[in-house]
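The structure under discussion appears below in the form of structure tokens.
The shown structure was predicted, so the numbers you read here are calculated from the model rather than taken from an experiment.
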Amino acid sequence: MSNNNTVKKNYIMTAMIYAIIFAVFNLLVFVIFKQKNGVFWMSYAFMCLAFIVQIVSMVLALKSLDTETVFMGIPLASLSFYYFFAAIFAGAVFMVFQVAPFTLALIVQVLIVAIYAVVAILAIMARDNTQQISDHVKESVAAIQTLKVEIEVLVPQVSDPALKNALKKVCETVKYSDPMSNDAVADIENQIMQTVNELRVYIDNNNNAEAIRKCKDIEVLFLQRNSLLKATK
């Protein structure tokens, strides 16, 4: 069974579980409570909203990302359950005590939803910001790794010992360079890419002397890049 089919099956089974729980909830509510006034119907509406919010929260919390959605170290999935049980408990209390003031019941249940909504939004914002930084780090590391591989591929293509050693030295420089990047070194990195392209052309044309000079230029550029990165951190 493919991964997509497994995911779809899990979603369907999860939806069935929620449907069963919601059906049992409705059965209990309408069997137990015979008298129904404004406080009852308002509480019932907030309890139904709790089911919807909890489902949406789980979808957002379990979204396929590298960074987990958390607030104060607590995963959003757990927070959604805390909200759900708090909302169900508050609704049940006001269903039992339907003589309670309508305004009091409304304020309490609105506050529960509002507090959770703020917490969930903050958690999602923090996750998205962290994910963006994580993606940027991956891109930077991938770019350095790719550059290192491109230079390593050139080593077997040359027979000149001096050029071969120069290429290996460049590989070492790239390997131990800071993989992170920022806007301050963008121009230098563009120069590095351009110089590597020129190096490749000189090697293809068997111009060993110029190729060795380009290797030295790349090392100098990496030294400048690493120094600038260190200064801007």
(request) List for me each residue that meets ring pair (Phe, Tyr, Trp, His ring centres under 6.0 Å) alongside F222, sequence neighbours excluded, and say none if there are none. (result) none
Side-chain heavy atoms of [X] within contact of [Y], under 4.5 Å:
X    : Y    : value
Q109 : S43  : yes
Q191 : Q224 : no
L167 : L199 : yes
R213 : E210 : yes
I203 : V158 : yes
D217 : K214 : yes
I112 : F46  : no

Linking I/L/V/M/F/W/Y whenever their side-chain heavy atoms sit closer than 4.5 Å, directly or via other members, would [X] and [Y] fall into one cluster?
X    : Y    : answer
L223 : I188 : no
Y18  : F85  : yes
V93  : W41  : yes
L163 : V201 : no
L122 : L111 : no

Counting only pairs under 3.5 Å, give me each side-chain donor-acceptor contact of residues 24-39, with atom names and distances, residues two or more places apart or in other chains.
| from | atom 1 | to | atom 2 | distance (Å) |
| --- | --- | --- | --- | --- |
| N26 | OD1 | Y44 | OH | 2.3 |
| N26 | ND2 | F22 | O | 2.8 |
| K34 | NZ | V31 | O | 3.3 |
| K36 | NZ | F33 | O | 2.9 |
| K36 | NZ | K34 | O | 3.4 |
| N37 | OD1 | V39 | N | 3.1 |
| N37 | OD1 | F40 | N | 3.1 |
| N37 | ND2 | Q98 | O | 3.0 |

(message) Main chain of A162, side chain of D160: is a donor-acceptor contact present, judged purely on distance under 3.5 Å?
(response) yes
(message) Quick check against the 3.5 Å criterion: does K164 have a side-chain atom that pairs as donor or acceptor with the backbone of V155?
(response) yes
(request) Classify the side-chain pair S57/Y116 by whether it contains a donor and acceptor separated by less than 3.5 Å. (result) yes
